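Report on one structure; see the data block that follows.
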Amino acid sequence: CVNAMVCYLGHLAGHKWLADAANDSTISSLALAAGRESSAALVTAFDFDAEEQQEWCKRALAKYQDTTIRDPLERNARDPLRKLGRHERLLGPIHLCLQHDLPYDNLMLGLAAALRYREASDEAAERLEKLVSTHGEVGALSQMTEGLDERVISTLPSALKHLDDL
C-alpha cells in the first residue's frame, strides 16, 4: 500500500518520478501512516510481528525515496482498475482494517487519490476516467469493485473532501 499511496498522491501533486513523490513530506507522511494502518491489520489478523511490520514500511518508503532510481510514477500507477480490486493494494488492507475495527483513514485517502488518477497513455486509467465522469467516484467504485464493505462507500466522500483539502 505504501507504493500505491506514493504513486496516486504523487500523481495528483504533479510529480513525475517515484522518488520525487516519495520525498514530498506530505506524501511520505501519509504513505507511512497508511502503511502503519495496513501493518496493524496484518498484526491483528495474522499475528505478524508489529516491529517487523513497521520496519518493512520504513524500508519500502526508503527504497522509493532513492533518487538514484529514476522510476516514473506512471509505470507504478499503471492499471488502476486492477489495483482498485477488492483484494488489492488499497482495498485489501482497508477491508482487513474494517474486519478488525482498526483505523483506515489514510488508506482511504490513497483510495480517493487512485480514483482521481488520470493518464492518457494507460487504457485502464482512461476507462477509470470514463467511469468516474459518468458515475462519480463513489458510483464508479461501486460499479467496478464487487464485495465492497458499505463503510468504504459511506466514508469515501469524506476521504475525497480531505484529499481536496491537502
Side-chain angles (χ1 to χ4, degrees), residues 1-13 15 17-66 69 71 73 75-117 128 137-138 140-166:
C1 75
V2 173
N3 181 272
M5 294 288 295
V6 169
C7 288
Y8 295 120
L9 290 168
H11 180 79
L12 287 180
H15 296 292
W17 300 100
L18 185 64
D20 293 342
N23 282 296
D24 180 308
S25 62
T26 299
I27 293 169
S28 64
S29 293
L30 291 169
L32 275 178
R36 284 192 292 274
E37 290 171 348
S38 179
S39 291
L42 291 169
V43 167
T44 302
F46 303 111
D47 202 28
F48 287 4
D49 182 86
E51 200 170 302
E52 284 180 17
Q53 283 297 298
Q54 294 305 313
E55 287 305 312
W56 185 92
C57 290
K58 290 177 189 172
R59 280 193 313 273
L61 183 61
K63 179 176 80 169
Y64 306 139
Q65 289 174 326
D66 184 345
I69 301 170
D71 198 1
L73 278 180
R75 187 190 73 75
N76 287 271
R78 187 178 302 146
D79 198 5
L81 291 177
R82 178 178 58 81
K83 293 175 181 169
L84 286 168
R86 164 66 178 78
H87 301 285
E88 289 288 335
R89 292 148 178 83
L90 294 165
L91 284 167
I94 287 169
H95 279 89
L96 197 57
C97 288
L98 287 166
Q99 186 178 347
H100 295 282
D101 296 318
L102 295 168
Y104 58 100
D105 294 342
N106 293 291
L107 287 162
M108 286 296 296
L109 281 175
L111 176 64
L115 287 165
R116 292 186 174 170
Y117 178 68
L128 174 61
E137 286 103 343
V138 175
L141 185 64
S142 296
Q143 290 232 338
M144 66 185 172
T145 309
E146 290 186 28
L148 283 176
D149 186 296
E150 182 55 40
R151 292 171 286 182
V152 173
I153 298 302
S154 66
T155 58
L156 183 55
S158 63
L160 290 160
K161 171 76 172 92
H162 187 179
L163 188 63
D164 290 338
D165 294 339
L166 288 179

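Quantities reported herein were computed from a predicted structural model and do not represent experimental measurements.
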- Message: If you apply the rule side-chain contact (heavy atoms from CB on, under 4.5 Å), what do you find for Asp149 with Gln99, and how did you get there?
- Response: CA-CA 9 Å; Asp149 186 296; Gln99 186 178 347; over 6 Å; no
- Task: Calculate, to the nearest 0.5 Å, the distance between atoms CG and CH2 belonging to Leu61 and Trp56 respectively.
- Result: 10.5 Å
- Query: Leu9 versus Asp24: any side-chain heavy-atom pair under 4.5 Å?
  - Reply: no
- Rounded distance [0.5 Å steps], CG in Leu166 versus CG in Leu12: 9.5 Å
- Item | Exam field: side chain Glu37 to backbone Asn106, donor-acceptor pair closer than 3.5 Å | yes
- What's the spacing between Ile94 CD1 and Arg89 CZ if we round to 0.5 Å? 13.5 Å
- Closest heavy-atom contact between Leu91 and Gly85? CB-O, 3.4 Å
- Item | Nearest-0.5 Å distance that lies between atom NE2 in His11 and atom CG in Leu73 | 8.5 Å
- Task: Determine yes or no for a side-chain-to-main-chain donor-acceptor pair under 3.5 angstrom, with Glu137 supplying the side chain and Leu160 the backbone.
- Result: no
- Query: Is it true that a side-chain atom of Tyr8 and a backbone atom of Ala77 form a donor plus acceptor pair closer than 3.5 Å?
  - Reply: yes
- Under the 3.5 angstrom rule, does the side chain of Ser158 hit a backbone N or O of Thr155 as a donor-acceptor pair? yes
- Polar side-chain atom of Ser154 near backbone of Arg151 as donor-acceptor pair, under 3.5 Å: yes
- Under a 4.0 Å N-O cut-off, is there an ion pair linking Arg116 with Asp164? yes
- Query: How close do Val2 and Tyr64 get, heavy atom to heavy atom, and via which atoms?
  - Reply: CG1-CE1, 3.9 Å
- Query: Between Asp105 and His162, does a side-chain contact (heavy atoms from CB on, under 4.5 Å) hold up when you go through it step by step?
  - Reply: CA-CA 10 Å; Asp105 294 342; His162 187 179; over 6 Å; no
- Item | Exercise: identify the closest heavy-atom pair between Ser38 and Cys1 | CB-SG, 3.7 Å
- Item | Electrostatic pair Arg86:Glu146 at N-O distance under 4.0 angstrom | no
- Here the gap from Leu42 atom CG to Leu96 atom CG, rounded to the nearest 0.5 Å, amounts to 6.0 Å
- Met144 vs Leu115 side-chain heavy atoms within contact, under 4.5 Å: yes
- Message: Checking Thr145 against Val152 for the side-chain contact (heavy atoms from CB on, under 4.5 Å) test, could you report, in this order, the C-alpha distance in whole Å, the side-chain angles of both residues, the deciding distance, and whether it holds?
- Response: CA-CA 11 Å; Thr145 309; Val152 173; over 6 Å; no
- In this structure, CD of Gln54 is separated from CZ of Phe48 (nearest 0.5 Å) by 13.5 Å
- Without swapping roles, check the side chain of Thr44 against the backbone of Ala40 for a donor-acceptor pair under 3.5 Å. yes
- Message: Using every non-hydrogen atom in the two residues, find where Glu88 and Lys83 come nearest and quote the distance to one decimal.
- Response: CB-O, 3.4 Å
- Side-chain heavy-atom pair Ser28, Asn23 within 4.5 angstrom cut-off: no
- Message: Is any side-chain heavy atom of Ile69 closer than 4.5 Å to one of Leu18?
- Response: no
- Report the C-alpha distance between Leu90 and Met5 in whole Å, list the side-chain angles of each, state the deciding distance to 0.1 Å, and finish with yes or no for side-chain contact (heavy atoms from CB on, under 4.5 Å). CA-CA 8 Å; Leu90 294 165; Met5 294 288 295; 4.0 Å; yes
- Note: Ala41 and Leu102 closest approach over all heavy atoms is CA-CD1, 3.5 Å
- Please name the pair of heavy atoms, one in Leu128 and one in Ala114, separated by the smallest distance, quoted to 0.1 Å. CD2-O, 3.4 Å
- Test item: Val6 and Asn76 side chains (from C-beta on) under 4.5 Å apart, heavy atoms: no
